[in-house]
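Below you'll find the structure, written out as structure tokens, and then a few comments.
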Amino acid sequence: MMKIATWNINSIRARMESLLRWLQETAPDVVLLQETKCLEEQFPYEPIEDLGYNIAVFGQKSYNGVAILSKKPIEDVTKGLPGLESTEARYIEAVIGTVRVASIYVPNGQDIGTEKFAQKLAFFKALQSHMATLLSYGEQCVMGGDYNVAPTDADVYDPEKFQNRLLASPEERAGFQSLLNAGMVDALRAQFPEDGSANRSFKNEARYYTWWDYRQGSFEKNHGLRIDHLLLSPQASDALKSVGIDRDPRSWDKPSDHVPVWCHL
DNA sequence: ATGGTAGAAAGTCTA
């Protein structure tokens, strides 16, 4: 059994207390981190290594930054999304045992119609192409990250309000859907279908969302979105035992605005 | 519609 989690930590240096607590409490085998927000030489390796993790980092000053933590050795590390012209640290991929993993930080997109929004759509295009390549290998593959898209209205606390809004627009959803069309499986959706057939009550539970804005008391009102996802290749999906969202860290002192999503293979 | 909060870093920029 292998527990793999993804977490947009919103600055690893500001979040060390929460990260170490969460690692000790939940003992994931692999962690895919986003928004570490520091250069590789600034990364706080030691306290994480002391808990038994190997670490691979793709860092950047102030913004972005992705990393992989793993109890087992990390092999064949790739930094940067193949096929995308960009200097931003938004993609790191590696092989751990028989599983290929990636930590992905899709651009936020700022506002619909902006240059950054176009870059977000371009990122999805390159990601779709690369995922299609990886899928052709027939491996167990877990691509986790902050995709910055709520795939359906079921993933938004107020669908009406989010119609044609950033994170829920048809264009962004088409970008995310293209990954599923290529053959990837949304792990949480696989276990908790939108129609509620697996668990009728789950979509109304607070655990369902992965991000709550810092502003306007969003967490207290449960005004959240599900924008962090674990996408699995069919071979990984066949091995999927369970999936969940760790809501607790959002209520801790100095929280990230995102919470971890995990799966057991 | 605006601006609300948080992080990095010292200006605002990004989310």
Side-chain angles (χ1 to χ4, degrees), chain A residues 6-22 32-45 47-48 57-67 80-81 84 86-92 103-124 127 144-151 155-158 160-169 171-173 175-176 209-229 247-261:
Chain A
T6 180
W7 191 8
N8 179 323
I9 199 162
N10 189 13
S11 170
I12 192 160
R13 290 177 295 171
R15 217 66 64 209
M16 278 308 277
E17 204 177 318
S18 292
L19 175 63
L20 296 175
R21 175 181 171 185
W22 174 77
L32 310 168
L33 295 172
Q34 301 87 37
E35 279 208 274
T36 49
K37 288 188 170 177
C38 66
L39 294 164
E40 283 159 44
E41 55 264 39
Q42 299 172 309
F43 196 95
Y45 291 94
I48 299 168
V57 178
F58 185 21
Q60 183 185 330
K61 187 181 175 185
S62 304
Y63 303 114
N64 311 314
V66 285
L81 177 58
L84 186 75
S86 173
T87 56
E88 295 185 327
R90 295 181 176 276
Y91 185 93
I92 186 169
S103 178
I104 304 168
Y105 180 42
V106 175
N108 167 277
Q110 198 163 61
D111 266 311
I112 294 170
T114 62
E115 178 58 31
K116 286 194 166 63
F117 188 76
Q119 286 166 8
K120 180 177 193 173
L121 300 181
F123 191 97
F124 272 117
L127 192 56
D146 176 1
Y147 285 81
N148 263 317
V149 175
D155 304 309
V156 179
Y157 73 91
D158 185 346
E160 205 135 306
K161 180 175 172 162
F162 273 81
Q163 266 200 327
N164 300 311
R165 279 256 304 259
L166 192 74
L167 310 179
S169 74
E171 277 177 296
E172 291 163 272
R173 285 180 170 174
F176 184 81
Y209 302 126
T210 67
W211 172 81
W212 298 259
D213 200 301
Y214 283 122
R215 297 166 285 195
Q216 300 174 320
S218 298
F219 183 60
E220 289 69 25
K221 291 185 275 196
N222 195 27
H223 285 183
L225 304 180
R226 188 176 73 97
I227 58 177
D228 300 87
H229 310 289
R247 185 176 177 276
D248 276 3
R250 189 62 177 81
S251 67
W252 296 349
D253 193 41
K254 270 175 69 75
S256 168
D257 42 355
H258 298 252
V259 294
V261 183

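In what follows, chains are A, B, ... by sequence order, proteins preceding strands, each numbered from 1.
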Spacing between [X] atom [atom1] and [N] atom [atom2], to the nearest angstrom:
| X | N | atom1 | atom2 | answer |
| --- | --- | --- | --- | --- |
| A/His258 | B/dA15 | NE2 | P | 11 Å |
| A/Glu115 | B/dT14 | CD | P | 12 Å |
| A/Tyr63 | B/dA15 | OH | P | 8 Å |
| A/Gln216 | B/dT2 | CD | C1' | 10 Å |
| A/Lys161 | B/dA1 | NZ | C1' | 12 Å |
| A/Gln110 | B/dT12 | CD | P | 17 Å |
| A/Gln60 | B/dT14 | CD | C1' | 11 Å |
| A/Met16 | B/dA8 | CE | C1' | 17 Å |

Would a 4.5 Å heavy-atom cut-off, applied to side chains only, mark [X] and [Y] as touching?
| X | Y | result |
| --- | --- | --- |
| A/Leu166 | A/Glu172 | yes |
| A/Leu81 | A/Ser86 | no |
| A/Asn10 | A/Lys37 | yes |

Worksheet item: For atom CD of A/Gln42, is the number of surrounding heavy atoms from other residues, nucleotides or ligands below 6.0 Å larger than 12?
Response: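 Counting neighbours around CD of A/Gln42, more than 12 heavy atoms of other residues, nucleotides or ligands fall under 6.0 Å, so yes.
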Item to complete: Go through B/dA15, B/dA9, B/dG7 for me and flag the one nearest to the A/Ser11 side chain.
Response: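 Given the options B/dA15, B/dA9, B/dG7, the side chain of A/Ser11 is closest to B/dG7.
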Fill in: Among B/dT5, B/dT14, B/dA9, the nucleotide that comes nearest once only the side chain of A/Ser62 is considered
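Out of B/dT5, B/dT14, B/dA9, the nucleotide with an atom closest to A/Ser62's side chain is B/dA9.
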Discussion item. On DNA chain B, compare the nucleotides closest to A/Gln42 and A/Asn8; which residue's is nearer the 5' end?
Written reply: A/Gln42
Worksheet item: Which residue, A/Glu88 or A/Lys254, contacts DNA chain B at a nucleotide closer to its 5' end, judged by nearest heavy atom?
Response: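 It is A/Lys254 whose nearest nucleotide is closer to the 5' end.
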Distance below 4.0 Å between [X] side-chain N/O and [N] OP1 or OP2:
| X | N | answer |
| --- | --- | --- |
| A/Lys116 | B/dA15 | no |
| A/Arg15 | B/dA6 | no |
| A/Arg13 | B/dA9 | yes |
| A/Lys61 | B/dA8 | no |

Discussion item. What's the gap between B/dA1 and B/dG11 when it is taken at their P atoms, as a whole Å value?
Written reply: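 It works out to 34 Å between them.
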Worksheet entry | Atom C1', compared across B/dT14 and B/dA9: separation rounded to whole Å | 13 Å
Discussion item. Once you apply a heavy-atom cut-off of 4.0 Å, does A/Arg165 come out as touching a base, just sugar-phosphate, or nothing?
Written reply: nothing
Item to complete: For A/Phe219, answer base if it contacts any base atom (sugar-phosphate contacts may also be present), sugar-phosphate if it contacts only those atoms, and nothing otherwise; contact means non-hydrogen atoms under 4.0 Å.
Response: nothing
Worksheet item: Between A/Trp22 and A/Trp7, is the ring centre distance below 6.0 Å?
Response: yes
